[in-house]
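Sequence positions, counted from 1, serve as the residue numbers for this chain.
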Amino acid sequence: MKRFLSAFIALVTLAWAWQLCSNAGSAVGVPANAWVAREHALTLTALWSFALMSLTMVLATRPVWLERPFGGMDRIYRVHKWAGILAIAFAALHWLVEMSDGLIKAVWGREGRLPKDHGSSVLEAMRDVAEELGEFAIYALLGMLVLTLWKRVPFRMWRHLHKVMPVLYLALAFHAAFLAPLDYWTQPVGLMLAALVVAGSVASVRALMGWIGQDRRVGGVIESVAEPGQGVTEVSCRLDGGWRGHRPGQFAFATFERSEGAHPFTIASADRGDRRVTFQIKALGDYTRGLAQRLQPGQAMQLEGPYGCFNLPTGHEERDQVWIAGGIGVTPFIAWLEALQAAPEQAPEADFYYCVRDRESDPFVARLETLCAQLPSLRLQVISSAHEQTLSAAMLDDRARKEAVTEVWFCGPRGLADSLRKGLHEMGVSRFRFHQEAFEMR
């Protein structure tokens, strides 16, 4: 993610620098001063912010064709989130640079101030409107950033407020198009800006019209609702004929209640070709708490998907494998194990660590033991914190063959993943390849 965003920002900076160098000849005789520096800072921060906001809007449309390059829709959403945060940060910086004219006047005076681009009276009027819209949009975006990072704001409220983002983007697109320097439109930076405006605007219209994921939505009905354990709701659904099936480990956006909207859940069952899917849903928020009491068999529902690349590994038989699940992160592995029941000879050699609070009360331990009993190449080990057991990086290092690359497939709490990664890094272990499901809606 960091590398992609760094490369994206570098590409935008390169287009800006190209334009700057192309205009160097016309700037001969113009002395470098605070006003010149302010003008360059204005255009560069504006480009950074708008380019990242355009990227955010495009990624919000859930582009399936980018799943493979990014490594899954969960990673696309991570880039979407951080691109949005950076875009708002650069927008705030752009606003601060804009407000610096008073300081420059007080310290250096008006001498050396660059003349404004002048166009027709209509263009000037449109620029005035664009400037007002842009300033309003920046204030609104800063408010949205606070609500997004403040986790105490209920998801339902945040989801409804988040729907104004396409409108704010269109205001920013209008701002960028009319306030961009006129000479941009004859340079590569102008072509880039035009492409960003078009791509982001199309994505915004799709969001406003409710077209995101439309071709991957199917209706269905809830067949059964159960509570296999405390705080866990099992929901089994039968989908309509438009369902395209799923690969073990994928997730989908499920809408059980129209007023609540769609929520992402991992499909905790293998695809048997009968258009039935099962979800194991942990009570982790306002919506998922009490879900079992609100859902009823026969109730209509809708599913959008499937998405994700956390798929049952194939073609890596020569490599060691470690599967690690923490809590409700076991759901994709249940789907993997169910899929392997029909072809146990395809099961890889793997150590499977399931980390839980208390194995005696956990709703999935017995199910995992039954599934793994049919797959002798899989070695299940339940790590129970109630019994003072902890999975550590040293345990992974000890069990791996020193001469081989070990594939680690992880789905669970971020804290556990960070601890394992940090431990492996401190030990200087570089032969582990970490695959992690990292989905977050906000």
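Atoms CG and CD1, on Leu52 and Ile88 in that order, are 10.5 Å from each other to the nearest 0.5 Å. Considering CG of Leu303 and NE2 of His246, their distance stands at 10.0 Å, rounded to 0.5 Å. Distance check: Phe4 CZ to Ile9 CD1 gives 10.0 Å after rounding to the nearest 0.5 Å. The distance from atom CZ of Phe410 to atom CD of Gln436, rounded to the nearest 0.5 Å, is 6.0 Å. Atom-to-atom distance recorded for Leu375:CG and Glu349:CD is 11.5 Å, nearest 0.5 angstrom. The SG atom of Cys309 sits 9.5 Å away from atom CD of Glu437, with the distance rounded to the nearest 0.5 Å.
Around atom CZ of Arg244, more than 12 heavy atoms belonging to other residues, nucleotides or ligands sit under 6.0 Å away. For Gln230, the CD atom sits in a loose shell: 12 or fewer heavy atoms of surrounding residues, nucleotides or ligands are nearer than 6.0 Å. Within a 6.0 Å radius of OH in Tyr139, other residues, nucleotides and ligands contribute more than 12 heavy atoms. The number of heavy atoms from other shown groups lying within 6.0 Å of CH2 (Trp185) is above 12.
The six-membered or imidazole ring of Phe265 lies away from that of Phe251, with a centre-to-centre distance of 6.0 Å or more. With ring centers used as reference points, Trp323 lies under 6.0 Å from Trp336. Remark: aromatic rings of Phe90 and Phe50 are distant, center separation not under 6.0 Å. Ring-centre distance between Tyr77 and Trp82: not below the 6.0 Å cut-off.
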*Please test Tyr169 against Ser54 for side-chain hydrogen bond (donor to acceptor under 3.5 Å, both in side chains), starting from the C-alpha separation and ending with a verdict.*
CA-CA 8 Å; Tyr169 175 83; Ser54 300; 2.8 Å; yes
| task | Could you walk me through whether Trp211 and Thr61 pass side-chain hydrogen bond (donor to acceptor under 3.5 Å, both in side chains), step by step? | result | CA-CA 9 Å; Trp211 293 340; Thr61 62; over 6 Å; no
Candidate pair Asp362 and Tyr354, rule side-chain hydrogen bond (donor to acceptor under 3.5 Å, both in side chains), full reasoning:
CA-CA 11 Å; Asp362 187 84; Tyr354 179 38; 2.9 Å; yes
- Task: Decide side-chain contact (heavy atoms from CB on, under 4.5 Å) for Glu407 and Phe432; before the verdict, give the C-alpha distance in whole Å, the side-chain angles of both, and the deciding distance to 0.1 Å.
- Result: CA-CA 6 Å; Glu407 302 273 353; Phe432 287 89; over 6 Å; no
Show your working on salt bridge (charged side-chain N to carboxylate O under 4.0 Å, His left out) between Glu304 and Arg216 and close with a plain yes or no.
CA-CA 5 Å; Glu304 179 196 325; Arg216 302 178 75 86; over 6 Å; no
_Walk me through whether His175 and Glu131 qualify under side-chain hydrogen bond (donor to acceptor under 3.5 Å, both in side chains)._
CA-CA 6 Å; His175 175 86; Glu131 190 167 359; over 6 Å; no
Next on the checklist: Using salt bridge (charged side-chain N to carboxylate O under 4.0 Å, His left out), reason through Arg367 and Glu338 one step at a time and then give a plain yes or no.
Outcome noted: CA-CA 10 Å; Arg367 176 66 172 155; Glu338 285 192 2; 2.8 Å; yes
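Considering every non-hydrogen atom in both Ala83 and Leu5, the closest pair reads CB-CD2, 4.0 Å. Contact record, Val58 with Pro63: O-CD, 3.8 Å, taken as the closest heavy-atom pair. Residues Phe256 and Ile222 come closest through the heavy atom pair CD2-CD1, 3.9 Å. Nearest heavy-atom pair across Leu371 and Ile334 is CD1-O, 4.4 Å.
Put simply, the side chain of Gln341 gets close to the backbone of Leu337: a donor and an acceptor are under 3.5 Å apart. Not one N or O on the side chain of Ser6 forms a donor-acceptor pair closer than 3.5 Å with the backbone of Arg3.
His80 is not listed as a side-chain neighbour of Arg75, based on a closest heavy-atom distance of 4.5 Å or more. Under the 4.5 Å side-chain criterion, counting only non-hydrogen atoms from C-beta, Glu369 is in contact with Leu380. At least one side-chain heavy atom of Arg62 sits less than 4.5 Å from a side-chain heavy atom of Phe253.
Both tests do not hold together for Arg359 against Phe364: distance to the six-membered ring centre under 6.0 Å, angle to the ring axis within 45°.
Ring geometry for Trp409 versus Phe310: interplanar angle over 60°, hence perpendicular rather than tilted (30 to 60°).
Gln19 pairs in a side chain to side chain contact (heavy atoms under 4.5 Å, CB included) with only one of the listed residues (Thr43, Leu14, Val189), which is Val189.
For the residue pair Trp48 / Thr13, a side-chain donor-acceptor distance below 3.5 Å is found, with atom types taken as modelled.
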